[in-house]
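Because only heavy atoms are used, hydrogens play no part in the values below, and waters and symmetry mates are left out as well, while side chains stay in.
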Amino acid sequence: MTSLLDPYIPLLEYLVVWFAVIGIALLLKADKHGVIAKPYYLMLKTSAFNTLLEKIGGRFRRGWTVFFDIGAGLGIVFLAFVLYEISYNAINLFHRSSQAGPTLLIVPLPGVTLTWDVFPYVLLAIAVLLIPHEAAHGIASVLDKVPIKSSGVFMAIFLPGGFVEIDEEDLSKRKAITKMRVFAAGSFTNVTTFGLVLLLSFALFQSSSAGVLITGFTSGSPAAAAHLPQWSVITGLNGTSVTEFQDVSTFMSKVDPGSLVQVRLNDGQLFNITTGKSDTNSSRAILGIYSQNFRST
């Protein structure tokens with residue numbers, strides 16, 4: 001017997017485990033070991049990562065400096081663009097224009113707004129976003145010898161995160177270029193990371209045509225008469241391999257109307273089709289299908 005609460009049971013179970021962990025951390029006084037426990041977040045604050053950031057920042061100093069200088073310059077450009085977009089949407093929203101951007105806010109709650117099978121991918125995406133972002137702030141600080149107080153990770157109920165705590169008092173006394181490098185480092189690194197992931201995705205998962213997808217049939221279609229299934233994929237004609245629409249056109253240009261053509265599908269099925277005549281050219285044979293290239297990765 002189902003209940004209205006059934007979809008929320010996994011969520012409730014997670015919250016029970018969450019508050020149990022918080023309770024244990026408080027009882028054991030985990031704050032002595034750099035673990036800060038609150039009802040809404042659990043944080044590990046340490047200086048253990050500081051040395052690593054200093055080593056990374058100490059290598060290729062000139063390269064890092066150029067990288068963060070570019071980020072600082074682009075940061076000004078993007079800031080102007082963001083201010084323009086915010087102002088543009090605010091004006092449109094005030095006038096109730098359909099041109100205003102969406103205002104819907106969705107909180108990623110596993111078991112409610114997200115399914116549990118998707119949630120691990122959300123965590124992975126957040127890790128890819130935050131780790132380079134925070135590390136970049138730390139490296140940019142190291143370049144100009146701005147002290148790093150601490151660094152660490154946290155879990156805010158459902159969402160993980162990371163941070164690098166910079167000596168803000170020291171940073172406030174530095175030159176404008178230093179401040180710009182430190183402030184823009186995280187966002188610019190995210191943009192660069194996105195570009196690298198995009199290039200890697202294209203390189204590894206570039207799609208290629210793997211046949212011809214049948215999307216429909218013409219009136220009086222020979223293929224429809226032969227009961228060729230719609231949305232099936234043609235991979236061969238009379239033993240000739242077919243990988244894209246051009247292959248079908250090339251093959252059919254050599255066939256006469258009334259010829260028997262054996263069509264092979266990607267699932268291994270074979271169909272014998274007697275070709276028809278084109279309405280615009282009686283000497284041209286047709287199968288009578290609408291099609292497009294079928295892509296696979």
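The shortest side-chain heavy-atom distance between D170 and P147 falls under the 4.5 Å cut-off. In this structure, I166 and V182 have side chains that are in contact, with non-hydrogen atoms separated by less than 4.5 Å. Residues L143 and F68 meet the side-chain proximity criterion, which asks for heavy atoms closer than 4.5 Å. Considering only heavy atoms from C-beta on, L171 stays 4.5 Å or farther from S141 through its side chain. You'll find the side chain of I148 reaches within 4.5 Å of the side chain of V164, heavy atoms only. Counting only heavy atoms from C-beta outward, the side chains of T235 and L265 never approach each other to under 4.5 Å. Looking at heavy atoms from C-beta onward, V233 lies out of side-chain contact with V212 at the 4.5 angstrom threshold. Counting only heavy atoms from C-beta outward, the side chains of V153 and F163 never approach each other to under 4.5 Å.
Across every non-hydrogen atom of F217 and L228, the tightest pair is CZ-O, 3.0 Å. Heavy atoms only, all atoms of each residue included: S253 and T250 are closest at OG-O, 2.6 Å. Shortest non-hydrogen contact noted between A140 and A185 is CB-CB, 3.8 Å. Considering every non-hydrogen atom in both W18 and Y40, the closest pair reads CZ2-C, 3.9 Å. Nearest approach of A25 to A37, heavy atoms of both residues: CB-CB, 3.7 Å. Here the shortest heavy-atom pairing between F154 and G162 reads CE2-N, 3.5 Å.
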Would L270 and V263 count as a side-chain contact (heavy atoms from CB on, under 4.5 Å) if you check the C-alpha gap in whole Å, the side-chain angles of each, and the deciding distance to 0.1 Å? CA-CA 6 Å; L270 298 174; V263 177; over 6 Å; no
List the steps and the verdict of side-chain contact (heavy atoms from CB on, under 4.5 Å) for M252 and L287. CA-CA 8 Å; M252 293 303 295; L287 294 174; 3.9 Å; yes
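Grouped with I286 in a hydrophobic cluster is no other residue, since no side-chain heavy-atom contact under 4.5 Å to another Ile, Leu, Val, Met, Phe, Trp or Tyr is found. Residues V128 make up the rest of the hydrophobic cluster containing L124, defined by ILVMFWY side-chain heavy atoms closer than 4.5 Å, directly or through other members.
Side-chain contact annotation: N281 with S283, donor-acceptor N/O pair under 3.5 Å present.
In this structure, F49 places its CZ atom where only 12 or fewer heavy-atom neighbours from other residues, nucleotides or ligands lie under 6.0 Å away. Counting non-hydrogen atoms of neighbouring residues, nucleotides and ligands closer than 6.0 angstrom, the OH atom of Y41 exceeds 12 such neighbours.
Grouping the Ile, Leu, Val, Met, Phe, Trp and Tyr side chains by contacts below 4.5 angstrom, directly or via other members, places L129 apart from I131. Each of V146 and M180 belongs to its own hydrophobic cluster when Ile, Leu, Val, Met, Phe, Trp and Tyr are linked at side-chain heavy-atom distances under 4.5 angstrom. In this structure, V21 is a member of the same hydrophobic cluster as L123, with clusters built from ILVMFWY side-chain heavy atoms closer than 4.5 Å. A single hydrophobic cluster is not seen to contain both V16 and F19; linkage of ILVMFWY side chains at heavy-atom distances under 4.5 Å, directly or through other members, places them apart. Taking hydrophobic clusters as Ile, Leu, Val, Met, Phe, Trp and Tyr residues chained together by side-chain heavy-atom distances below 4.5 Å, I139 does not share a cluster with I177.
The distance from atom CG of L26 to atom CD1 of I36, rounded to the nearest 0.5 Å, is 11.5 Å. One finds the CG atom of D256 at 11.0 Å from the NZ atom of K277 (value rounded to the nearest 0.5 Å). Atom CD1 of I234 is separated from atom CG of N266 by 10.0 Å, given to the nearest 0.5 angstrom. With values rounded to the nearest 0.5 angstrom, L44 atom CG is found 14.0 Å from M155 atom CE. For the atom pair CG (L213) and CD (Q292), the distance works out to 5.5 Å, reported to the nearest 0.5 Å. Within the model, atoms OG of S232 and CD1 of I289 stand 8.5 Å from one another, a figure rounded to the nearest 0.5 Å.
In this structure, T275 contributes its side chain and G258 its backbone to a donor-acceptor pair below 3.5 Å. Between the S187 side chain and the A184 main chain, no donor and acceptor come within less than 3.5 Å of each other.
Of the candidates L198, V191, V197, F194 forms a side-chain contact (heavy atoms from CB on, under 4.5 Å) with just one, namely L198. Screening F67, F183, W64, F78 for a ring pair (Phe, Tyr, Trp, His ring centres under 6.0 Å) involving F188 leaves a single residue, F67. Considering V255, N238, T274 in turn, T274 is the only one that fulfils the side-chain contact (heavy atoms from CB on, under 4.5 Å) rule with L260. Looking at R174, R181, R61, K179 one by one, the single match for salt bridge (Lys or Arg N to Asp or Glu O under 4.0 Å) with D144 turns out to be R181.
Using cut-offs of 30° and 60° on the angle between ring planes, the pair H133 and H137 is perpendicular. Ring geometry, Y88 versus Y84: the interplanar angle falls under 30°, so the pair is classed parallel (tilted spans 30 to 60°).
The side-chain hydrogen bond (donor to acceptor under 3.5 Å, both in side chains) analysis of residues 155-166, with sequence neighbours excluded, yields the pairs K45-E165, S150-E165.
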